[in-house]
Structures are given as structure tokens and as C-alpha cells.
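Heads up: numbering here begins at 1 and tracks the sequence. Treat the numbers as computed from the prediction; the structure is a model and nothing was measured.
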Amino acid sequence: MSRDRRRVLAVVVVGLVPWVVLFYPGGQEAYFAAGLLSYTGNFVTLPAYLSRAVPDFLPFASVFSILPQRLLAWPTSVGLWLLALASSLLGSYEDRRVTDGLLVVAGLSQLTFALGFWTAEGYVAIPIGAVLLVGLGVLDWRSSGRRWLSASRE
């Protein structure tokens, strides 16, 4: 498998693992890029979650004024991850620094989402996705940055 395919596969896999695992009195939830899985086994997609969180009579732009900032970090990080995935699929046209930067910012956004739960008593959030997104972005940037620097010196 080529290095480009492995990178795309790594970006896809990061999107499939739970990004935040939340433990609270009475249950637990796992937040993925596609939605959340509750302790009862119900899966709610991100678009369905947003449609329930925002009344139908409000325009889309009102989403950003209604939801708390910590809850906006989840859809923001999903959007950034999707952009990184699209960038990685560009193949030879891709600028890896852009893809890696999107992954790191998505991870930091996901960390904001997870840390927002720590303010509630009895809530414990484990930011798995934040660690993986930032880790993948930084490790790939370091390896591609070394190749870029060595090529520019020649």
C-alpha cells in the first residue's frame, strides 16, 4: 500500500473511532464524527442532533447563537475533519501541511468540546479523538516537513 493511501486510511480511521467518551451519573455516551451513541444503544446522527437542538422556525445561522460554545466545537471539528479528508483525497495535488493543519485544529476543537463537560459535576470526558487528530496531524507534518526541508536544500 502506498504512503498516500495509508494517509487517507489513517484520516478515515480517525473519523471512525469515538472522539469523546463521556461518563456521567446515570450513563455514558460516545461521540463520533457521525453522531453520538448513548448507553441505551441509541445512535443519533450529528444532523439529527442539530435538528433537535435547534427549533425548526429558526434559520440555520441561529444555530451558532443558541448552542453553548462547547457544543459547537463538536460539529466544527467534524467539518474540519471532513475538509482534511477531502484534502487527503486530492493525492498529488494535496498540500500535506494544509491537511495536517486541519487535523490539528479539528483535534483542538474536539478537546474544547471534551473539556466543556468537565465543568459539570460528576461528568468525566475522555478526549480520544482530540489526541488522535492532533497526533496524526503532528506526526505526519513532522515526517512530510522533513522531506520538504531536505528537498528545498538540494
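Following chains of ILVMFWY side-chain contacts shorter than 4.5 Å, one cannot reach Leu102 starting from Phe113, and the two form parts of different hydrophobic clusters. In the hydrophobic clustering of ILVMFWY residues, with side-chain heavy atoms under 4.5 Å counting as a link, Val8 and Leu103 come out together. Using a 4.5 Å cut-off between side-chain heavy atoms of Ile, Leu, Val, Met, Phe, Trp and Tyr, with links allowed through other members, Leu83 and Leu136 fall into different hydrophobic clusters. Transitive grouping of hydrophobic side chains (ILVMFWY, heavy atoms separated by less than 4.5 Å) keeps Val98 and Val14 in distinct clusters.
Residues Leu46 and Ala33 share a closest heavy-atom pair of CD2-O, 4.2 Å. Closest approach of Gly137 and Asp100 over heavy atoms only: O-CB, 3.4 Å. Contact record, Leu133 with Gly107: CB-CA, 3.6 Å, taken as the closest heavy-atom pair. The shortest heavy-atom contact between Phe117 and Ala125 is CB-CB, 4.1 Å. Across Ser77 and Ala106, no two heavy atoms sit closer than the pair CB-O, 3.3 Å. Leu85 and Ser88 get closest at one heavy-atom pair: O-OG, 2.8 Å.
When hydrophobic residues (I, L, V, M, F, W, Y) are linked wherever their side-chain heavy atoms come within less than 4.5 Å, the members clustered with Phe43 are Phe32, Leu37. Hydrophobic cluster of Val138: the remaining members, joined at side-chain heavy-atom separations below 4.5 Å, are Val104, Leu108, Val134, listed by chain and number.
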Working for side-chain contact (heavy atoms from CB on, under 4.5 Å), residues Val20 and Gln110: CA-CA 8 Å; Val20 173; Gln110 199 54 220; 3.1 Å; yes

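Side chain of Trp81 to main chain of Val11: a donor-acceptor pair is present (N/O by atom type, distance under 3.5 Å, no hydrogens or angles). Remark: side-chain polar atoms of Thr112 are not paired, donor with acceptor, to backbone N or O of Ala73 under 3.5 angstrom. Distance alone, capped at 3.5 Å, places no donor-acceptor pair between the Trp19 side chain and the Ala114 backbone.
In this structure Val105 satisfies the side chain to side chain contact (heavy atoms under 4.5 Å, CB included) test together with Leu80, sequence neighbours excluded. Scanning for side chain to side chain contact (heavy atoms under 4.5 Å, CB included) contacts around Leu82 gives Val78, with sequence neighbours left out. Applying the side chain to side chain contact (heavy atoms under 4.5 Å, CB included) test to Leu111 and every residue at least two apart in sequence or in another chain returns Leu115, Pro127, Ala130. Partners of Thr45 by side-chain hydrogen bond (donor to acceptor under 3.5 Å, both in side chains), not counting sequence neighbours: none found. Partners of Ser87 under the side-chain hydrogen bond (donor to acceptor under 3.5 Å, both in side chains) rule, at least two apart in sequence or in another chain, are Thr99. Under the rule for a ring pair (Phe, Tyr, Trp, His ring centres under 6.0 Å), the partners of Tyr123 that lie at least two apart in sequence or sit in another chain are Tyr24.
One finds the CH2 atom of Trp74 at 4.5 Å from the CG atom of Leu36 (value rounded to the nearest 0.5 Å).
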